[in-house]
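Worksheet for the structure shown next.
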2 protein chains.
Amino acid sequence: MAVTIKDVAKKAGVNASTVSRVIKDSSEISDRTKTKVRKAMMELGYTRNAAARILASGKANTIGVVFPPVLDKSSQPFFMKILTAINETARKFNVSIAIATGHTQTDLKKQVRMMYSERRVDGFIVLYAGKTDIIREYLLGNSIPFVLVGTPSEQQNEITHIDNDNKLLGREAVRHLATLGHRNIAFVTDTTDGEVFSERYQGFSEEMVSQNLTKSLVKFDRSFSIGRETALVVMDDVLTLKVMERLNALGFRVPDDISIITYNNSIFGTITHPFLTTFDINVVRLGQAAVEKFLDLLNNNPSYHEKTVIPFELILRESTKAR
Amino acid sequence: MAVTIKDVAKKAGVNASTVSRVIKDSSEISDRTKTKVRKAMMELGYTRNAAARILASGKANTIGVVFPPVLDKSSQPFFMKILTAINETARKFNVSIAIATGHTQTDLKKQVRMMYSERRVDGFIVLYAGKTDIIREYLLGNSIPFVLVGTPSEQQNEITHIDNDNKLLGREAVRHLATLGHRNIAFVTDTTDGEVFSERYQGFSEEMVSQNLTKSLVKFDRSFSIGRETALVVMDDVLTLKVMERLNALGFRVPDDISIITYNNSIFGTITHPFLTTFDINVVRLGQAAVEKFLDLLNNNPSYHEKTVIPFELILRESTKAR
DNA sequence: CTGAAAGCGCTTACAG
DNA sequence: CTGAAAGCGCTTACAG
C-alpha cells in the first residue's frame, strides 16, 4: 500500500538498487539518473521504511538516552532541556532517539539490555554519573558504545564523557566574589556525594587558599545558619531558594547582607527577586556534544575515550553585590 | 552473529514458524513444544530483532509523543513527568515510544510527518491543545491515530482526549475558600488564552455566583494589585510564586492577609514557605490513560472519540487559612 | 498442532 | 555507472 523503492524504480525506469543508492546520495550514481529518480520519488511521495532499512543495514540509527533511576526527574529542568537538545541534534544527523526511564537500577538495566539486544539502538547516552552504577558496568562489560554526561568517579579513561569543568566552576565563583570584595565565604551544599560536589568544592577551596581568604563548608539542613560569612557559593538554584528563605528568617538580606552565587541557571533563578547570579552550564551544548561524541564513537571507533569539556558562562543578576 | 529464530528452531528441533508462534504465546502450540522452544531460547539467549518484527508484521509498536512547539519545555515539570509516565505505561504494554520536539509548528509537523511516513510509529500522543494547531490538522486530515492530552477547543467529538475536569477544578477552588469563610475572591491568571483558563474560570465564576460571593478576574502583570479580596485562585504554582512576591511587596502576607489556592502540585509549591495549597492534577494517570486510550484506538478502532476525565486531588498546605 | 514458503522493503557485495 | 541477486530476521496465510 505504501509506496516502495520498487514503485520508484519502475517509474524511473531503473533498478531498485539504483534507487537505494540515490537515496543515500552515492557518488557512484550519475547526476542524470539521480535527477530522474528523485523526480519519481517526489511524484510518488516516497519515504523510506525505517524498519526495512534497519534490518537490511544492521544499523538501528537510534541512540538510547538513559535517565537516572530516581523517582522525580521532573523537578530538575536539566533533564527535559538536555533531552530536547539531544533530540534536535540527533535529527540533524538523521538518527532517532529512544528513552529509558526507571525507578530502580534493576528496572533500568532490564530496559537498557532489552533495547540493545532487540537491536533498537546502537548504543547509549547516559545522563548521570552515580558512584556505582550497574548500567554503566553492564555497558562497559559488554563493550556497548556509550557516552556519559557527567564525570564518572572511576574508569575515566575508559569512558567517553562530557561535562563542564567543575573545578573551574568552583574557582570562578570565588573569583567573582573576591572581586566584589568578599573575604569570608562559605560553600553551601545539601549533598557531599558525587563528583560534581567534590570537584566544585575542590576548586572553591584551592582558590580560597590561593587568595588567602577565609573559607568554610556548610551542609544545608534544618539547623542551617551562618557565621561571619558575607558571601555564599551554593550548589544549585533550587537549594539557593531554600537557603535564601532561611537567611531571611534569620534576618539576613540578599544581597545587602549576604551575596549568593550559584549554579545551573534554571528557571528557578528568575521567578522571584533577587534574581540569582548563577553559572549557566550550557545544557544545550552538553546535549549536542553528547550526540556528536557518541556518533564519533560509533562510526570511527576510536581507541581512546576522551573527555569533552563544555564551557560555562557567568550570568550576573541580583544576588551578588560589592561590599 | 546475533542469535536468530533459526538458531532456536534448529536447537529445539522445530520449524522457525513454530518458534515465532511460541514467542507470541500462540494458543495453537502445544505446551510440550512451548517448553522445549523456550528452553532453547533461554540457553541461546535469544532476543527478537525489533526491526524484523516491525517489517514483517507491519506494526511499529511505537507511539510518537509530541511536545508543544515552545522553546522552553523544561520550565514546566509537567512534561518530564508525563513523559516518564507514558514511557513506563508503554513498556507494560510492550510498546516503545519516540519523541517529537521542535520550536515551531512547521518544524514539529515535518518531524511528525516523517515519523509516520517512515512507519516508525503507529500514531501519536499529543501533549498540548493549542487553539489552531497544524499538527492536529495534519493528523486529523490524514486519519492518523492520535490522542490528545488536554481539551481541544474544536472538534471535541472527533478527537479522543484525556484531561482533568477544569470546570470542576475552578468550582472546587471556590468551595474550599468559601468553606474557610472567604467571600471576596479573585481569579488570577497571566493568560486568558486556551481552554484550561476558560474552563477553570467558568467553573470559578459559576460557583461564585451560586454561592453569592464577590468575584473578580485579575490579569497578572507589572501593575498587579488587589483590592478587597481575601483570597485568590491562581492559575498555576509558578505564577503563584510571582504573585506572592508581589503581595509581599504590597504589604500583604500569605495566608494571614490573603489565602491562595492554585493548581498543578509541582515542585514549585514546596520550595519555600508558605507551601502551596494546590490541586494535584494527577499527571501520572493522565499519562497512563493517554497510552491506554491510544492503544485502544489503534487496536479496536472504535467509531467514537471519547473524553477521559482524570480525577484531581486537593493538597492542603499552608497558603490557605480560615478568616 | 506444526511445517514450508512467500514476503515485508530495504542494502550491499558482486558483476559487468 | 548500473543491474541482478541474495539476504537481513521475522510473520503469516496456506496446507496438512
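Keep in mind that what you see is a predicted model, and the values were worked out from it rather than measured. Lettering follows sequence order; numbering is per chain, from 1.
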Partner residues of T104(B) under the side-chain hydrogen bond (donor to acceptor under 3.5 Å, both in side chains) criterion, sequence neighbours left out
none
Side chains of F146(A) and I135(A) in contact at under 4.5 Å (non-hydrogen atoms):
no
For E118(A), all residues meeting side-chain hydrogen bond (donor to acceptor under 3.5 Å, both in side chains), sequence neighbours excluded
R120(A)
From NZ of K6(B) across to P of dG3(C) the rounded distance in Å is 15 Å
Is the number of heavy atoms from other residues, nucleotides or ligands within 6.0 Å of NZ (K36(B)) greater than 12?
yes
So CG of L148(B) and CZ of F294(B): to nearest 0.5 Å the spacing works out to 13.0 Å
Check whether any side-chain heavy atom of V66(B) lies under 4.5 Å from a side-chain heavy atom of T101(B), and answer yes or no.
no
Among residues 17-33 of chain A, which ones have heavy-atom contacts with DNA chain C below 4.0 Å?
S17(A), S20(A), R21(A), K24(A)
Would you say NZ of K10(B) has more than 12 non-hydrogen atoms from neighbouring residues, nucleotides or ligands within 6.0 angstrom?
no
Salt-bridge present (K92(A), E88(A); N to O < 4.0 Å):
no
Is it true that a side-chain atom of T89(A) and a backbone atom of A85(A) form a donor plus acceptor pair closer than 3.5 Å?
yes
Spatial distance of atom CE (M115(B)) from atom CD1 (I63(B)) [nearest 0.5 Å]:
10.5 Å
Of residues 52-63 of chain A, the positions that come close to DNA chain D - non-hydrogen atoms, cut-off under 4.0 Å:
L55(A), A56(A)
Less than 4.0 angstrom from a charged side-chain N to a carboxylate O is my criterion; do E306(A) and K293(A) meet it?
yes
In residues 39-48 of chain B, which residues come under 4.0 Å of DNA chain C by heavy atom?
none
Let me know the distance between CG of N15(B) and C1' of dG16(D), rounded to the nearest Å.
14 Å
Could you state the atom-to-atom distance from NZ of K10(A) to P of dG3(D) in whole Å?
15 Å
Watson-Crick and G-U pairing of DNA chain D, under 3.5 Å, as dot-bracket with | and [ ]:
|||.||||||||.|||
R119(A) to Y116(A) six-membered ring, cation-pi geometry met (6.0 Å, 45°):
yes
Is it true that D165(B) and K307(B) make a salt bridge, defined as a side-chain N closer than 4.0 Å to a carboxylate O?
no
